[in-house]
Amino acid sequence: MSIFYCKWCGTKKSSISGLTSSSCSKNPEGNRHALYEGSEKSQYFCKFCGSKHSSISNMVSSSCSKSPTNRHQPAL
Ligand SMILES: [Zn+2]
Ligand SMILES: [Zn+2]
(Lines give C-alpha, C1' and ligand atoms only; values in the text may rest on other atoms or scores of the structure.)
(Ligands and ions follow the chains in the order given, each with its own letter.)
Protein backbone atom coordinates (compact mmCIF):
# COMPACT_ATOMS: atom_id res chain seq x y z
CA MET A 1 0.00 0.00 0.00
CA SER A 2 1.27 3.42 -0.87
CA ILE A 3 1.42 6.34 1.50
CA PHE A 4 0.99 9.89 0.28
CA TYR A 5 2.24 12.91 2.17
CA CYS A 6 1.13 16.51 2.25
CA LYS A 7 4.11 18.72 1.38
CA TRP A 8 2.88 21.48 3.70
CA CYS A 9 2.11 19.65 6.91
CA GLY A 10 3.35 16.07 6.48
CA THR A 11 -0.06 14.46 6.94
CA LYS A 12 -0.11 10.89 5.61
CA LYS A 13 -2.98 9.35 3.66
CA SER A 14 -3.41 6.07 1.82
CA SER A 15 -4.83 7.74 -1.29
CA ILE A 16 -4.17 10.97 -3.20
CA SER A 17 -7.88 11.79 -3.27
CA GLY A 18 -8.09 11.32 0.48
CA LEU A 19 -5.19 13.70 0.92
CA THR A 20 -6.29 16.46 -1.44
CA SER A 21 -9.92 16.41 -0.33
CA SER A 22 -9.23 17.19 3.30
CA SER A 23 -8.29 20.56 4.72
CA CYS A 24 -4.75 21.63 5.60
CA SER A 25 -4.01 24.23 8.24
CA LYS A 26 -0.49 24.94 6.92
CA ASN A 27 -0.94 25.42 3.20
CA PRO A 28 -0.17 29.09 2.41
CA GLU A 29 -1.63 28.73 -1.10
CA GLY A 30 -5.00 27.21 -0.23
CA ASN A 31 -6.85 25.25 2.41
CA ARG A 32 -6.35 21.65 1.21
CA HIS A 33 -3.47 19.27 1.58
CA ALA A 34 -1.17 19.20 -1.45
CA LEU A 35 0.64 16.08 -2.59
CA TYR A 36 4.36 15.72 -1.95
CA GLU A 37 5.50 14.20 -5.24
CA GLY A 38 8.85 12.87 -4.11
CA SER A 39 9.56 9.38 -2.85
CA GLU A 40 9.55 8.36 0.79
CA LYS A 41 12.95 8.99 2.35
CA SER A 42 14.72 8.51 5.64
CA GLN A 43 15.78 12.17 5.53
CA TYR A 44 14.23 15.18 3.83
CA PHE A 45 16.02 18.31 2.68
CA CYS A 46 14.42 21.72 2.32
CA LYS A 47 14.61 22.89 -1.30
CA PHE A 48 15.12 26.50 -0.22
CA CYS A 49 17.70 26.35 2.55
CA GLY A 50 18.96 22.75 2.37
CA SER A 51 18.29 21.96 6.00
CA LYS A 52 17.89 18.29 6.87
CA HIS A 53 14.90 16.80 8.67
CA SER A 54 13.83 13.30 9.64
CA SER A 55 10.25 13.74 8.44
CA ILE A 56 8.09 16.25 6.57
CA SER A 57 6.03 16.94 9.67
CA ASN A 58 9.24 17.66 11.54
CA MET A 59 10.45 19.93 8.72
CA VAL A 60 7.32 22.08 8.56
CA SER A 61 7.23 22.66 12.31
CA SER A 62 9.97 25.29 11.97
CA SER A 63 10.13 28.35 9.72
CA CYS A 64 12.49 28.84 6.77
CA SER A 65 14.33 32.13 6.30
CA LYS A 66 14.92 31.47 2.57
CA SER A 67 11.44 30.41 1.55
CA PRO A 68 8.99 32.88 -0.06
CA THR A 69 6.24 31.43 2.13
CA ASN A 70 8.43 31.34 5.25
CA ARG A 71 8.04 27.54 5.40
CA HIS A 72 10.45 24.80 4.53
CA GLN A 73 9.42 22.68 1.55
CA PRO A 74 10.78 19.19 0.93
CA ALA A 75 12.93 18.76 -2.17
CA LEU A 76 11.74 15.91 -4.40
ZN1 LIG B 1 -1.40 19.46 4.77
ZN1 LIG C 1 14.14 25.77 4.48
Side-chain angles (χ1 to χ4, degrees):
M1 193 177 81
S2 299
I3 294 287
F4 301 97
Y5 291 91
C6 172
K7 67 180 178 180
W8 297 113
C9 69
T11 290
K12 293 183 237 184
K13 297 279 184 181
S14 57
S15 71
I16 295 174
S17 59
L19 186 73
T20 56
S21 64
S22 50
S23 65
C24 179
S25 59
K26 295 194 174 182
N27 184 348
E29 298 170 340
N31 55 11
R32 306 279 176 181
H33 296 300
L35 177 67
Y36 168 61
E37 292 171 326
S39 56
E40 190 165 9
K41 301 175 176 65
S42 57
Q43 292 185 321
Y44 295 87
F45 292 89
C46 173
K47 69 179 180 183
F48 296 113
C49 69
S51 63
K52 187 171 73 177
H53 305 268
S54 58
S55 68
I56 296 176
S57 55
N58 192 17
M59 173 180 286
V60 297
S61 65
S62 58
S63 62
C64 179
S65 59
K66 297 195 175 174
S67 164
T69 61
N70 210 34
R71 298 184 187 280
H72 297 298
Q73 265 187 59
L76 297 183

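Order of listing sets the numbers, starting from 1, for every ligand and every atom in it. Quick caveat: nothing in here was measured; it's all calculated off a predicted structure.
Of the candidates S51, S63, S61, S51 is the only one forming a side chain to side chain contact (heavy atoms under 4.5 Å, CB included) with H72.
Proximity of a side-chain donor or acceptor of K41 to a complementary backbone N or O of S39 within less than 3.5 Å is detected. Of the possible donor and acceptor atoms, one in the side chain of Y36 sits under 3.5 Å from a partner among the backbone N and O of A75. In this structure a side-chain-to-backbone donor-acceptor pair under 3.5 Å is present from H33 to S23.
Summarising the geometry of L35 relative to I16, their closest heavy-atom pair is CD2-CD1, 4.0 Å, with the distance given to 0.1 Å. Heavy atoms only, all atoms of each residue included: S22 and G18 are closest at OG-O, 3.1 Å.
Listed by chain and number, C6 SG, C9 SG, C24 SG, H33 ND1 are the protein N/O/S atoms closer than 2.8 Å to the Zn ion (ligand 1), with waters left out.
In this structure T69 satisfies the side chain to side chain donor-acceptor pair (under 3.5 Å) test together with S67, sequence neighbours excluded.
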Can you give each donor-acceptor pair under 3.5 Å made by side-chain atoms of residues 2-10, sequence neighbours left out, with the distance rounded to 0.1 Å?
| from | atom 1 | to | atom 2 | distance (Å) |
| --- | --- | --- | --- | --- |
| Y5 | OH | E40 | OE2 | 2.7 |
| W8 | NE1 | N27 | OD1 | 3.2 |

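With a cut-off of 2.8 Å, the protein N/O/S atoms near the Zn ion (ligand 2) add up to 4.
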For this session: Begin with the C-alpha distance, continue with both residues' side-chain angles, and end with the deciding distance and a verdict on side chain to side chain contact (heavy atoms under 4.5 Å, CB included) for R32 and T20.
Result: CA-CA 6 Å; R32 306 279 176 181; T20 56; 5.6 Å; no
